[in-house]
Amino acid sequence: MLEYLKLMMQLLLVPVRGWEDVSSASPDPDEMLRKGLYPLMGVAALSEFVSFFYVRELSLATVLVRAVVDFGAYFVSLFITRLIFDVYLARELEGGEVNRRKSETLTVFAIGIMVLFRIIGNCLPADVNIFKFLPLYLVLILYKSIPYMGVRHDREFAFLGLTSIATVLVPLAIYYLLYFIVA
């Protein structure tokens with residue numbers, strides 16, 4: 001998990017250098033998923049319990065539902081993102097063929113960053129509007145992944161749109177959909 005968090009922090013702090021580090025480290029996406037993203041999703045679910053410290057009228061049932069929604073939304077998003085990349089990503093890349101390892105690595109880190117943003121939001125005592133714009137920073141990180149993924153020059157914005165939809169909009173849509181259905 002430490003390697004996963006180290007690479008994710010590098011992506012957050014200096015995206016260009018972060019993708020270079022990811023490329024040189026060549027992490028196993030399955031290992032990053034098992035030892036990095038899944039535990040991070042568990043931490044996001046547990047971070048819902050922080051709200052007990054600053055919201056007195058919350059019930060345990062409400063917090064448990066929010067925790068399940070946190071974990072479930074990102075778990076489902078992971079598979080939908082993989083499906084979108086499997087179907088549409090090849091046309092954006094040089095050679096028209098997807099490097100499955102790089103595609104899954106991009107997915108694991110992008111969803112992980114979204115989960116990290118959820119943890120930050122859960123731990124804040126107030127609803128700070130500026131933190132709702134953090135997913136836009138992920139779009140910049142995705143843009144900086146263009147050399148790592150080997151995107152064709154004429155398809156850069158199509159790639160950015162596809163990855164933004166798959167890793168930013170899908171998790172947010174599923175999160176709010178589950179939140180309104182269950183809560």
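Nearest approach of L37 to G112, heavy atoms of both residues: CD1-CA, 3.5 Å. Closest non-hydrogen pair, P171 versus A166, comes out as CD-O, 3.7 Å. Contact detail for A25 and E3: the closest heavy-atom pair is CB-OE2, 4.2 Å. For the pair M1 and P39, the tightest heavy-atom approach, listed with the atom from each and the gap, is SD-CB, 3.7 Å. Scanning all heavy atoms of the two residues, the minimum distance from P27 to V22 falls at CD-O, 3.3 Å. The two residues L78 and I111 make their nearest non-hydrogen contact at CD1-CG1, 4.4 Å.
The CZ atom of R82 lies 8.0 Å from the CZ atom of R100; values are rounded to the nearest 0.5 Å. Expressed to the nearest 0.5 Å, how far OG1 of T167 lies from CG of L138 amounts to 5.0 Å. Taken to the nearest 0.5 Å, the CG atom of L7 stands 6.0 Å off from the CE atom of M32. H153 contributes atom NE2, which lies 6.5 Å from atom CD of E94 (distance to the nearest 0.5 angstrom). Note that OH of Y137 is 5.0 Å distant from CD1 of I141, once rounded to the nearest 0.5 Å. The CD atom of E104 lies 12.0 Å from the OG1 atom of T81; values are rounded to the nearest 0.5 Å.
Aromatic ring centres of F75 and F79: separated by under 6.0 Å.
Aromatic ring pairs are classed by plane angle as parallel below 30°, tilted from 30° to 60° and perpendicular above 60°; the pair F109 and Y4 is parallel.
Partner of V87 under the side-chain contact (heavy atoms from CB on, under 4.5 Å) criterion, chosen from L83, L89, I84: L83. Checked against V69 for a side-chain contact (heavy atoms from CB on, under 4.5 Å), the options I174, L178, I181, L177 give a single hit: L178.
Within a 6.0 Å radius of CZ in F49, other residues, nucleotides and ligands contribute more than 12 heavy atoms. Annotation: L60, atom CG; neighbour count of heavy atoms from other residues, nucleotides and ligands within 6.0 Å is above 12. More than 12 heavy atoms of other shown residues, nucleotides or ligands fall within 6.0 angstrom of atom OH in Y38.
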### Message
Between M8 and V115, does the side chain to side chain contact (heavy atoms under 4.5 Å, CB included) criterion hold? Intermediate values first, please.
### Response
CA-CA 11 Å; M8 192 164 44; V115 171; over 6 Å; no

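Of the possible polar contacts, one joining the S24 side chain to the D21 backbone as a donor-acceptor pair under 3.5 Å is found. A donor-acceptor distance shorter than 3.5 angstrom exists from the side chain of S47 to the backbone of A44, with no hydrogens or angles considered. A donor-acceptor pair under 3.5 Å links the side-chain atoms of T107 to the main chain of S103, judged by distance alone. Under the 3.5 Å distance criterion, the side-chain polar atoms of K144 are left unmatched by any main-chain donor or acceptor of W19.
Partners of R155 by side chain to side chain donor-acceptor pair (under 3.5 Å), not counting sequence neighbours, listed by chain and number: E92. In this view, E31 and K35 satisfy the salt bridge (Lys or Arg N to Asp or Glu O under 4.0 Å) rule, not counting sequence neighbours. Scanning for side chain to side chain donor-acceptor pair (under 3.5 Å) contacts around S164 gives an empty result, with sequence neighbours left out.
Contact check for L142 versus L106: side-chain heavy atoms found under the 4.5 Å cut-off. With contacts defined as side-chain heavy-atom distances shorter than 4.5 Å, the pair L172/F117 does not qualify. Using a 4.5 Å cut-off on side-chain heavy atoms (C-beta onward), S145 and T163 make no contact.
A single hydrophobic cluster is not seen to contain both L64 and Y179; linkage of ILVMFWY side chains at heavy-atom distances under 4.5 Å, directly or through other members, places them apart. Hydrophobic clustering (ILVMFWY, side-chain heavy atoms < 4.5 Å, transitive): Y176 and I80 are in one cluster.
For the pair R118 and Y74, the cation-pi test (distance below 6.0 Å, angle within 45°) is failed.
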